[in-house]
Amino acid sequence: MTAPDGDALRSAFVLVTGNANKAKEAERILGFRPDTEPVDLPELQSLDLQVVLDAKAKEAWSRLERPVVVEETAFYLDSMNGFPGPLVKWMLGAVGPEGLAHTALALGDPGATAVCALAYCDGGRLVSARGETRGHLVAEPRGGAGFGWDPVFVPEGHTRTYAELEPELKDTLGHRGRAWRAFRGALVEAGIVD
C-alpha cells in the first residue's frame, strides 16, 4: 500500500488548531501546508487521551460541518504514574517546562513519554492514530527551537533536547511525526484517501 500523496491529503480535511507551532510541524511532516481553522474548542478534562481526542474531533466537525483533523498531546511522567498525561497543557501553563522537569527530578525519576494523537471526523467516520516517544527530562532548558516541553525533553537514544534537534530529526523521531505517519496509513486503511 503506498502512502497518499499531498494532494489527496490536502483535500481530505482541515486541521483544526490555533497553535502555529503545531501547524508548522504538520507542514514539515506532511510536505504541504494543510488548511487550518483556529476554532476554540472546549477541552474535556480526562486522563484518557482517546476520550479527549474523540470529543474534540466530534465538536470540531459539528462546528465546521466539514471533514476535520484535531490533535491532542499528552506527556506521561514516570515519577507520577503517568500524570499529567492529557492535562499537560495546564501543568505547563502553571509551572512551565522547567517546573515539569523539576517535579519529575524531585520525585527521583526523569523518565517520560511524549504522545501525540490525531483524529479525523467527517460526521460519520472517526479515524485516529497516535505516536509516542520515550525519553527523559533535564533540569535546565536547552535549545532555542520547539515549544512546550521541547527544551527539557531528551528523546531516548539521544543527548540533545527536542529544542536542540534539527527540525527534520525531531520530525523523524518525535511523537508528532510518528503520529502523522501512522495517521496517513489509518486514512488509507479507512478508505478516506487512496
Side-chain angles (χ1 to χ4, degrees), residues 15-29 38 40-57 70-119 128-183:
L15 177 61
V16 178
T17 185
N19 186 321
N21 291 309
K22 289 181 179 183
K24 183 178 178 180
E25 283 196 11
E27 179 179 355
R28 276 197 325 259
I29 294 161
D40 187 22
L41 298 170
E43 301 231 7
L44 184 66
Q45 304 300 300
S46 172
L47 291 175
D48 186 327
L49 180 62
Q50 194 65 47
V51 168
V52 175
L53 182 71
D54 291 351
K56 195 173 185 179
V70 297
E71 175 186 315
E72 191 65 31
T73 56
F75 200 69
Y76 299 95
L77 298 178
D78 294 353
S79 62
M80 296 181 72
N81 294 322
F83 188 80
L87 304 176
V88 68
K89 174 181 177 179
W90 288 272
M91 189 167 180
L92 281 171
V95 299
E98 299 93 338
L100 190 69
H102 286 265
T103 299
L105 293 166
L107 293 171
D109 188 344
T113 303
V115 177
C116 174
L118 298 161
S128 63
R130 64 189 281 159
E132 60 182 63
T133 300
R134 284 284 304 155
H136 69 274
L137 294 160
V138 293
E140 296 302 319
R142 302 191 319 237
F147 60 101
W149 58 75
D150 289 0
V152 295
F153 182 68
V154 177
E156 208 167 62
H158 293 267
T159 58
R160 296 183 291 164
T161 67
Y162 266 0
E164 293 176 297
L165 296 175
E166 298 78 15
E168 297 75 19
L169 180 55
K170 181 188 176 196
D171 295 342
T172 299
L173 56 89
H175 58 296
R176 188 165 287 108
R178 289 177 174 168
W180 276 108
R181 288 187 294 278
F183 189 61

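The model shown is predicted, which means the values in this text are computed figures rather than measured ones.
Nearest heavy-atom pair across T159 and R142 is O-NH2, 2.7 Å. For W149 against A74, the heavy-atom pair with the smallest separation is CH2-O, 3.8 Å. Smallest separation of non-hydrogen atoms from P110 and L105: CB-CD2, 3.5 Å. Across every non-hydrogen atom of A101 and V138, the tightest pair is CB-O, 3.2 Å. When every heavy atom of A179 is checked against every heavy atom of C116, the shortest pair comes out as CB-O, 3.4 Å. Across all their heavy atoms, S79 and L107 have their closest contact at CB-CB, 3.7 Å.
Remark: S128 pairs with Q50 by the side-chain hydrogen bond (donor to acceptor under 3.5 Å, both in side chains) rule, at least two apart or across chains. Judged as a side chain to side chain contact (heavy atoms under 4.5 Å, CB included), and not counting sequence neighbours, the contacts of A182 are A129. In this view, K89 and E43 satisfy the side-chain hydrogen bond (donor to acceptor under 3.5 Å, both in side chains) rule, not counting sequence neighbours.
We find the CG-CD distance between D171 and E27 to be 11.0 Å, quoted to the nearest 0.5 Å. Remark: H102 NE2 to E140 CD distance equals 5.0 Å, nearest 0.5 Å. A distance of 10.5 Å separates OG1 of T73 from CG of L118, quoted to the nearest 0.5 Å. Atom NE2 of H136 sits about 12.0 Å away from atom CG of D78, to the nearest 0.5 Å. Atoms CZ and CD1, on F183 and I29 in that order, are 12.5 Å from each other to the nearest 0.5 Å. Atom CG of L165 is separated from atom CG of D150 by 9.0 Å, given to the nearest 0.5 angstrom.
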Are F75 and M91 close enough, and set up right, to give a side chain to side chain contact (heavy atoms under 4.5 Å, CB included), and what steps lead you there? CA-CA 10 Å; F75 200 69; M91 189 167 180; over 6 Å; no
Report the C-alpha distance between R130 and E72 in whole Å, list the side-chain angles of each, state the deciding distance to 0.1 Å, and finish with yes or no for side chain to side chain contact (heavy atoms under 4.5 Å, CB included). CA-CA 9 Å; R130 64 189 281 159; E72 191 65 31; over 6 Å; no
Kindly indicate, with the supporting measurements, whether the criterion side chain to side chain contact (heavy atoms under 4.5 Å, CB included) is fulfilled by L100 and L77. CA-CA 9 Å; L100 190 69; L77 298 178; 4.1 Å; yes
Test log, rule side chain to side chain contact (heavy atoms under 4.5 Å, CB included), inputs R178 and L173: CA-CA 7 Å; R178 289 177 174 168; L173 56 89; 4.2 Å; yes
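Although no hydrogens or angles enter the test, the distance criterion places a donor-acceptor pair under 3.5 Å between the side chain of R181 and the main chain of T172. Side-chain N or O atoms of E25 include none that pairs as donor or acceptor with a backbone N or O of K22 at under 3.5 Å. Panel note: side chain R134, backbone A112; a donor-acceptor pair is recorded below 3.5 Å. Side chain of T113 to main chain of Y76: no donor-acceptor pair is present (N/O by atom type, distance under 3.5 Å, no hydrogens or angles).
Contact annotation: the side chain of L44 never approaches that of K56 to less than 4.5 Å [non-hydrogen atoms, C-beta and beyond]. Between P86 and D48, the closest side-chain pair of non-hydrogen atoms is not below 4.5 Å.
For Y162 and H175, the ring centers are positioned less than 6.0 Å apart.
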